[in-house]
Structures are given as C-alpha cells and as structure tokens.
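For reference, positions follow the sequence shown, starting with 1. Owing to the predicted nature of the structure, the values given are computational and were not obtained by experimental measurement.
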Amino acid sequence: MHPAAAPRRSLAAAGAAREVVELLEVLWERGRDSVSTAPVSASQLRVLYILDRDEGINLRTLGEVLGAAPSSVSRLCDRLQGLGFVERSASPASRREVEIRLTDRGEAYLADLRARREEALLMAIGTMPSAARQALADGLAGFRIAVEEADPLRGRVGPYVRSGQPDQVPAVPLDR
C-alpha cells in the first residue's frame with residue numbers, strides 16, 4: 001500500500017462515520033413520535049444506560065463517566081427518581097456514599113425503548129442487501145472497539161457493555 005493511502009482511507013472512513021451519525025440523527029428525528037424517549041431527555045437516557053450497565057454505581061463515579069459536575073448529576077438523578085426510574089440507597093462500602101440503581105420501572109422503560117428502536121432499525125436494515133448488512137455489522141463492531149480503546153471510560157455508553165466486558169450483542173438477522 002502506498003504510504004499516502006492510509007491517511008486517505010482514514011479520512012474516507014471518518015467522513016462515512018460522520019454521514020452515518022447524521023443519518024441516524026435524521027432517523028431518530030423522523031421517528032421521534034414512534035421511538036420517543038419521553039419522558040426523559042437525552043442526558044437522562046444516558047444515565048439510565050450507564051445504570052443499566054453498572055448496577056449500584058455511586059454519584060461520584062457516575063459524574064466521572066458523564067464528565068459532569070456532581071450537582072448536575074444529582075439533579076439528573078432527582079428527575080429520574082421523580083419518574084420512578086431510579087432509586088438511591090446508602091452504599092454498603094461507605095455510609096457517606098449513595099448508590100443509584102434502576103428500579104423495575106426504569107428497567108421496563110429501557111427494555112421497551114430498546115425494542116422500539118430495534119424495530120425501527122430492523123425495518124431500515126431489512127431493505128439492505130445481505131452483503132451490505134454484513135459489512136455494516138462488521139464495520140460497526142470494529143468502530144465500537146476503536147471508540148472504547150480511544151476513551152475506555154466514556155466509550156462504554158451503549159447497552160451491550162457492562163463492567164468493562166462486552167456482552168453478547170444480539171445478532172441482527174442478515175438473511176431477512
């Protein structure tokens with residue numbers, strides 16, 4: 001490979017990733033009514049994903065993962081607690097720490113949201129040729145690994161990584 005080819009390929013991949021992000025933003029915007037995150041904001045949803053992944057996390061650690069000030073994290077959790085999606089309790093490790101956990105209602109909310117989003121994505125992906133679906137799955141898996149390696153603490157924001165160990169990601173049917 002010519003020495004200049006690698007940077008050109010990286011630029012092309014970055015451009016393609018940017019286009020995919022923009023396309024997903026458009027998809028989410030169009031499907032807001034059918035795949036609404038209401039009654040939570042995007043920031044609150046991120047908290048729910050983190051709590052789903054790291055059960056019993058404390059406020060300090062949650063703030064580090066979010067890159068947010070403790071007062072902001074506390075307000076986010078106040079709102080989620082008001083919705084009945086999270087609960088706080090004293091940490092067994094330290095009485096000065098508070099742990100935050102998803103409630104059954106919070107878990108049910110995430111399960112429903114994920115099912116609706118998966119349905120919307122499967123509809124779009126189902127129109128792709130089989131080879132394109134396989135290429136998408138392979139490319140996204142590689143991209144997720146690269147994001148996690150670039151910033152291990154903040155890269156793990158999705159629902160399929162818990163405690164630093166990748167879970168089995170549900171297979172997307174490639175023969176539909």
Ring pair (Phe, Tyr, Trp, His ring centres under 6.0 Å) contacts touching residues 58-88 (sequence neighbours left out):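 Those involving residues 58-88 are Phe85-Tyr109.
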
Pairs involving residues 111-137, ordered by first then second residue, that meet ring pair (Phe, Tyr, Trp, His ring centres under 6.0 Å) (sequence neighbours left out): none

Reported [atom1]-to-[atom2] distance for the pair [X] and [Y], which is rounded to 0.5 angstrom:
| X | Y | atom1 | atom2 | result |
| --- | --- | --- | --- | --- |
| Leu140 | Ile145 | CG | CD1 | 11.0 Å |
| Arg105 | Leu80 | CZ | CG | 11.0 Å |
| Arg46 | Leu62 | CZ | CG | 9.0 Å |
| Glu55 | Ile50 | CD | CD1 | 14.5 Å |
| Glu99 | Asp54 | CD | CG | 11.5 Å |
| Ile100 | Leu59 | CD1 | CG | 3.5 Å |

Kindly state each residue pair satisfying salt bridge (charged side-chain N to carboxylate O under 4.0 Å, His left out) with at least one member in [range], sequence neighbours excluded.
| range | answer |
| --- | --- |
| residues 66-84 | Asp78-Arg88 |
| residues 122-131 | none |
| residues 11-21 | Arg18-Glu22 |

Measure the shortest side-chain to side-chain distance between [X] and [Y] over non-hydrogen atoms and say whether it is less than 4.5 angstrom.
| X | Y | answer |
| --- | --- | --- |
| Leu83 | Pro39 | yes |
| Leu113 | Leu45 | yes |
| Cys77 | Val98 | no |

Side chain to side chain donor-acceptor pair (under 3.5 Å) against [X], all qualifying residues, sequence neighbours excluded:
| X | result |
| --- | --- |
| Glu119 | none |
| Asp138 | Gln134 |
| Glu87 | none |
| Glu107 | none |

With Asp112, which residues qualify under salt bridge (charged side-chain N to carboxylate O under 4.0 Å, His left out), at least two apart?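 Applying salt bridge (charged side-chain N to carboxylate O under 4.0 Å, His left out) to Asp112 gives Arg116.
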
salt_bridge(Arg60, Glu64) N-O dist < 4.0 Å: yes

Carboxylate-amine/guanidinium contact Asp52 Arg101, below 4.0 Å: no

Are a donor atom and an acceptor atom from the side chains of Asn58 and Glu97 found within less than 3.5 Å of each other? yes

Output, in order, the C-alpha distance, side-chain angles, deciding distance and verdict of side chain to side chain contact (heavy atoms under 4.5 Å, CB included) for Arg114 and Tyr49. CA-CA 11 Å; Arg114 286 176 175 145; Tyr49 283 144; 3.2 Å; yes

Closest heavy-atom contact between Val73 and Ala68? CG2-CB, 3.8 Å

Shortest non-hydrogen contact from Ser43 to Leu76?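 Ser43 and Leu76 have their closest heavy atoms at CB-CD2, 3.9 Å.
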
Suppose we screen for side-chain contact (heavy atoms from CB on, under 4.5 Å). Which residues come up paired with Ala132, at least two apart in sequence or across chains? Met128, Pro129

Ala69: side-chain contact (heavy atoms from CB on, under 4.5 Å) partners, not counting sequence neighbours: Ser71, Ser72

Side-chain donor/acceptor of Thr103 to backbone N/O of Gly84, under 3.5 Å: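 Checked: pair present.
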
